[in-house]
Amino acid sequence: MIRAALLPVTLLLCLALADSANAAGAADGFYELKNKKGDFSIKVTNWGATLVSVLVPDCHGELTDVVLGYDTVAGYAKGGAAGSTIGRVANRIANARFVLDGRTYRLLRNDGNNTIHGGPRGFNKVIWTVKEYVHDGDSPYITFYYHSFDGEQGFPGYLDVYVTYQLSDPYDLSIHMNATARGKATPVNLVNHAYWNLAGHGSGDVLEHEVQIFASRYTPVDGYMIPTGQVAPVAGTKYDFLAPTPVGANMEIVPGGGGGYDINFAVDGQQNAMRPVARVQDPDSGRALELWANQPGVQLYTANWLINDKGKGGEVYGQYGALCLETQAYPDAVNHPEFPSSIVRLGEVYKHDMLFKFSY
């Protein structure tokens with residue numbers, strides 16, 4: 001979605017292993033889920049509860065991995081957040097602070113004066129516990145768990161978080177995220193940060209991918225990528241994807257970063273209900289992805305800052321080599337009372353459900 005400051009790999013690993021709730025007996029690894037037919041599978045890792053690969057057929061029956069990523073856990077530790085679970089609060093929080101129930105909370109800054117993706121050590125930089133792993137049957141699934149401690153990266157209260165990846169026929173991938181606040185109310189905004197290229201990871205840019213986003217409004221941002229508080233119509237702007245449109249048709253292209261899309265859309269329809277969010281199709285392979293979710297917003301990001309990044313199988317990922325569609329709360333909602341609330345109260349359960357339906 002957005003650039004984030006990176007800590008040295010050794011420091012990140014030490015910080016992850018130091019977490020008392022998750023380090024004891026924990027080890028990172030890769031896990032596979034596959035449908036019975038064998039033509040649809042994913043790989044995940046408990047480092048960051050990350051989606052590593054998605055193999056789906058094209059119109060000729062050829063299987064291709066359509067998610068950018070890395071071959072090793074070390075690659076995720078030193079790289080970006082591709083495919084990871086982002087939290088405790090994804091996207092930006094202005095000035096690394098917010099007020100909740102009369103108390104000011106100050107967070108760790110890692111994007112200028114702002115906090116992004118939960119801070120320098122967000123949920124994508126820790127080892128999660130594998131709670132359940134059922135890799136056979138009609139609907140194979142895996143569930144990861146993370147216990148976030150009170151004060152982690154400056155956020156209040158304990159938070160118990162579960163993320164489940166599940167396959168179902170014919171080519172459906174579900175991601176379910178649940179979180180329960182313990183001790184104190186807290187903001188929560190979990191997202192999956194998958195980088196999609198339906199032609200195959202490492203196949204070049206996605207500028208010809210046709211995108212449709214079921215959102216008639218978006219949240220404009222200032223020069224620091226912080227929402228202004230407006231929720232404006234997309235009509236007459238470059239953000240109008242109500243009809244299928246090549247992703248590069250109206251966007252600013254700036255070699256070396258700075259162009260492209262990085263914006264939140266206000267998804268049409270009833271909030272907290274599963275509804276269509278977006279549809280993407282690669283015209284060459286015929287592959288299509290249809291996204292459903294229950295969150296109020298979705299961030300479109302076109303890998304604007306992805307520059308010569310060495311990924312899986314020796315592939316080198318370049319600028320605009322993928323797109324992200326991250327269903328979410330509105331960015332900086334904790335500082336905008338006019339936005340849908342991202343606060344989870346004591347005993348409440350945060351639920352974020354996504355459904356990715358692939359076809360060809």
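Numbering of residues begins at 1 and proceeds along the displayed sequence. Please read these numbers as outputs of a predicted model, since none were measured by experiment.
Between D71 and K312 no salt bridge is recorded (no basic side-chain N to carboxylate O distance below 4.0 Å). Salt bridge status for D39 with K37: present, with a side-chain N to carboxylate O gap under 4.0 Å. We find that K310 and E315 are not joined by a salt bridge, their nearest charged nitrogen and carboxylate oxygen being 4.0 Å or further apart.
Judged as a ring-ring contact (aromatic ring centres under 6.0 Å, His included), the pairs with a partner in residues 54-97 (not counting sequence neighbours) are, in order, Y70-Y76. Pairs engaging residues 80-99 under the ring-ring contact (aromatic ring centres under 6.0 Å, His included) rule: F98-Y105 [sequence neighbours left out].
Taking every heavy atom of both residues into account, G257 and I307 meet most closely at N-CD1, 4.5 Å. Annotation for N197 and G204: closest pair ND2-O, 2.9 Å, computed over non-hydrogen atoms. Residues G286 and Q281 come closest through the heavy atom pair O-NE2, 3.4 Å. Heavy atoms only, all atoms of each residue included: I127 and Y146 are closest at O-CD1, 4.2 Å. Taking all atoms of both residues into account, the shortest heavy-atom contact from I226 to R92 is CD1-CB, 3.8 Å. Across G321 and A303, no two heavy atoms sit closer than the pair N-CB, 4.2 Å.
Between V67 and V52 the shortest side-chain heavy-atom distance does not fall below 4.5 Å. The shortest side-chain heavy-atom distance between L190 and V161 falls under the 4.5 Å cut-off. Residues I93 and F155 are in side-chain contact: their nearest non-hydrogen atoms beyond the backbone lie under 4.5 Å apart. By the 4.5 Å heavy-atom criterion applied to side chains, V66 and V56 are counted as neighbours. Residues L51 and Y165 are in side-chain contact: their nearest non-hydrogen atoms beyond the backbone lie under 4.5 Å apart. Proximity of R287 to P57: side-chain heavy atoms (C-beta onward) are nowhere separated by under 4.5 Å. Counting only heavy atoms from C-beta outward, the side chains of L289 and L198 approach each other to under 4.5 Å. Using a 4.5 Å cut-off on side-chain heavy atoms (C-beta onward), H352 and N294 make contact.
In this structure, a donor-acceptor pair under 3.5 Å is present between the side chains of N264 and T219. In the model, Q299 has a side-chain atom that pairs as donor or acceptor with a side-chain atom of Q328 under 3.5 Å.
Linking Ile, Leu, Val, Met, Phe, Trp and Tyr whenever their side-chain heavy atoms come within less than 4.5 Å leaves V267 and V231 in two separate clusters. Using a 4.5 Å cut-off between side-chain heavy atoms of Ile, Leu, Val, Met, Phe, Trp and Tyr, with links allowed through other members, M354 and V44 fall into the same hydrophobic cluster.
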Steps toward side-chain contact (heavy atoms from CB on, under 4.5 Å) verdict (Y320, M251): CA-CA 11 Å; Y320 312 129; M251 81 181 209; 3.5 Å; yes
Under the side-chain contact (heavy atoms from CB on, under 4.5 Å) rule, what do V73 and T45 come out as? Steps first, then yes or no, please. CA-CA 8 Å; V73 170; T45 175; 3.8 Å; yes
Under the side-chain contact (heavy atoms from CB on, under 4.5 Å) rule, what do I42 and L55 come out as? Steps first, then yes or no, please. CA-CA 6 Å; I42 69 170; L55 268 70; over 6 Å; no
Let me see the working for L159 and R88 under side-chain contact (heavy atoms from CB on, under 4.5 Å), right down to the final yes or no. CA-CA 9 Å; L159 194 71; R88 178 177 302 193; 4.0 Å; yes
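Taking the six-membered ring where the residue is Trp, Y239 and Y218 present tilted rings, their angle falling between 30° and 60°. Classified by interplanar angle (parallel below 30°, tilted 30° to 60°, perpendicular above 60°), the ring pair F144/W128 is perpendicular. By the 30° and 60° cut-offs, the orientation of the rings of F241 relative to Y261 is perpendicular. Aromatic ring orientation, F356 versus W196: tilted (interplanar angle from 30° to 60°).
Enclosure of atom CD in E208 is not indicated, since only 12 or fewer non-hydrogen atoms of other residues, nucleotides or ligands lie within 6.0 angstrom. Residue E338 qualifies as enclosed at atom CD: its count of foreign heavy atoms under 6.0 Å is above 12. The number of heavy atoms from other shown groups lying within 6.0 Å of NZ (K184) is above 12. A 6.0 Å sphere centred on CG of N308 holds no more than 12 heavy atoms belonging to other residues, nucleotides or ligands. Shown here is K238, whose NZ atom has more than 12 heavy atoms of other residues, nucleotides or ligands within 6.0 Å.
For the side chain to side chain contact (heavy atoms under 4.5 Å, CB included) test with D240, the passing option among V234, N250, I213 is V234; the others fail.
Ring pair Y171/F358: centre-to-centre distance not below 6.0 Å. Between Y31 and Y133, the gap from one ring centroid to the other is short of 6.0 Å. Ring-centre distance between H117 and H193: below the 6.0 Å cut-off. In this structure, H336 has its ring center no closer than 6.0 Å to that of Y330.
A cation-pi contact, defined as under 6.0 Å to the ring centre and within 45° of the axis, links K131 to Y145.
Here the straight-line distance linking atom CG of D284 with atom NE2 of H209 works out to 9.0 Å at 0.5 Å rounding.
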